[in-house]
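Notes to accompany the following structure.
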Amino acid sequence: MNVIEWAFGKRQTPQERLRKHQRALEKAQRELDRERQKLEGQEKKLILEIKKSAKNGQMGACKIQAKDLVRTRRYIQKFYQMKTQLQAVSLRIQTVRSNEQMMQSMKGATTLLGSMNRSMNLPALQRIAMEFERENDIMDQREEMMGDAIDDVTGLDDEEETDEVVNQVLDELGLDLGMALGDTPTGIASKSAPESARVAQAVGGHGGAGGADDDDGDLQARLDSLRKD
């Protein structure tokens, strides 16, 4: 604390002065409310005394009390007006404080945005984005190469696997069907065999087909045999 602050007190900021004035206005409003409540209580007493004097026939006292009642009601009305004016001033101070806080917030946000914009390096950001895109492309190419290499090592493609699954299903169906028809006469079996052979020969060609054509004919013969049975 320097000598000036010790002699004249600490210098207050505008926000502190506004807060101090607002507290003083709120205190004044509370005092006005207390005084108004006292006058309202006095008003009720005067009304009772006026009624009592009128019943007793004391007209002089009744007039004096009536004048006091009118004056009390006027003061009550003035207290209401003064409180309304103090509330208006308090609201104005609160508005000023709110504007001051908003200005300080905007100032802080502006400073923060300015520092962030100054610290942001757009060329570096573009370079990072380009490097990310290049590394991502390299990763995709490597994954594709690894997939092709694995397919080459296994030696099986999707078409061969599909054929194996179909053959397995047909074999299982033929086995189950043969077990269910174990008592089938031999004539029917001997009749179906030449027909299956003729179908296989029609599908496989005229005797010059390779191993793949024989497999296709075998599959077709099995399907025809299942349909007839």
Side-chain angles (χ1 to χ4, degrees), residues 1-140:
M1 182 181 293
N2 53 26
V3 179
I4 297 176
E5 291 180 356
W6 178 80
F8 300 99
K10 185 179 179 180
R11 186 176 181 180
Q12 295 180 344
T13 61
Q15 293 83 5
E16 292 176 350
R17 290 198 298 270
L18 288 174
R19 195 179 301 110
K20 181 179 179 181
H21 291 313
Q22 192 171 14
R23 286 198 297 266
L25 288 172
E26 291 175 355
K27 182 179 179 181
Q29 291 178 23
R30 289 193 297 270
E31 292 178 354
L32 286 174
D33 287 335
R34 285 195 293 268
E35 293 297 329
R36 180 180 53 78
Q37 290 174 0
K38 291 180 181 179
L39 290 176
E40 288 176 352
Q42 185 176 356
E43 179 186 7
K44 293 178 181 179
K45 292 180 180 179
L46 286 173
I47 292 173
L48 294 175
E49 291 178 356
I50 290 171
K51 291 180 179 179
K52 184 178 179 180
S53 299
K55 289 180 180 179
N56 295 329
Q58 299 175 356
M59 299 306 297
C62 185
K63 290 182 180 180
I64 294 172
Q65 292 170 353
K67 290 181 180 179
D68 194 7
L69 179 61
V70 172
R71 186 167 52 251
T72 301
R73 288 178 175 175
R74 286 178 181 175
Y75 278 113
I76 291 173
Q77 188 67 25
K78 288 182 180 179
F79 282 146
Y80 273 118
Q81 293 176 356
M82 286 188 290
K83 182 181 179 181
T84 302
Q85 293 174 356
L86 290 177
Q87 285 178 347
V89 177
S90 179
L91 289 174
R92 182 63 60 86
I93 293 175
Q94 181 63 36
T95 303
V96 174
R97 287 183 59 189
S98 301
N99 291 333
E100 179 68 21
Q101 291 176 357
M102 183 180 65
M103 185 179 66
Q104 294 296 331
S105 300
M106 292 180 64
K107 182 179 178 181
T110 303
T111 304
L112 179 61
L113 290 175
S115 62
M116 291 179 65
N117 290 328
R118 287 191 297 269
S119 63
M120 186 178 296
N121 191 353
L122 291 179
L125 182 61
Q126 292 177 354
R127 185 173 62 255
I128 292 171
M130 292 175 64
E131 291 177 357
F132 175 79
E133 184 178 1
R134 184 175 63 254
E135 295 296 334
N136 193 21
D137 292 338
I138 293 172
M139 181 62 67
D140 292 338

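Keep in mind it's a predicted model, so treat the numbers as computed, not measured. Quick note: residue numbers are just sequence positions, from 1.
With hydrogens and angles left out, the side-chain atoms of Q65 and S53 include a donor and acceptor closer than 3.5 Å. With no hydrogens or angles considered, no side-chain donor-acceptor pair links Q81 and Q85 at under 3.5 Å.
Here D137 does not pair with R134 in a salt bridge; the nearest charged N to carboxylate O distance is not below 4.0 Å. Between D33 and R30 no salt bridge is recorded (no basic side-chain N to carboxylate O distance below 4.0 Å). Note on E40 versus R36: salt bridge recorded, some NZ/NE/NH1/NH2 to OD/OE distance being below 4.0 Å.
Once rounded to the nearest 0.5 Å, the distance linking CD1 of I64 with CG of L46 reads 12.0 Å. A distance of 14.0 Å separates CG of L39 from CZ of R74, quoted to the nearest 0.5 Å. A distance of 12.5 Å separates CE of M130 from CD of E135, quoted to the nearest 0.5 Å. Residue E31 holds its CD atom at 10.0 Å from CG of L86, rounded to the nearest 0.5 Å. Distance CD/E43 to CG/L69: 5.5 Å, rounded to 0.5 Å. I93 contributes atom CD1, which lies 12.0 Å from atom CZ of R19 (distance to the nearest 0.5 angstrom).
Applying the side chain to side chain donor-acceptor pair (under 3.5 Å) test between Q22 and each of R17, R92, Q94, K27 identifies Q94 as the sole match.
Contact between I50 and C62 at its shortest, heavy atoms only, is CG2-SG, 3.7 Å.
Checking side-chain atoms of N99 against main-chain N and O of T95 turns up a donor-acceptor pair under 3.5 Å.
Few gaps surround CE on M103; more than 12 heavy atoms of other groups in view lie less than 6.0 Å from it. Other residues, nucleotides and ligands contribute more than 12 heavy atoms inside 6.0 Å of the CD atom of E131.
Seen from the ring of Y75, K78 counts as a face-on cation partner, given the 6.0 Å and 45° thresholds.
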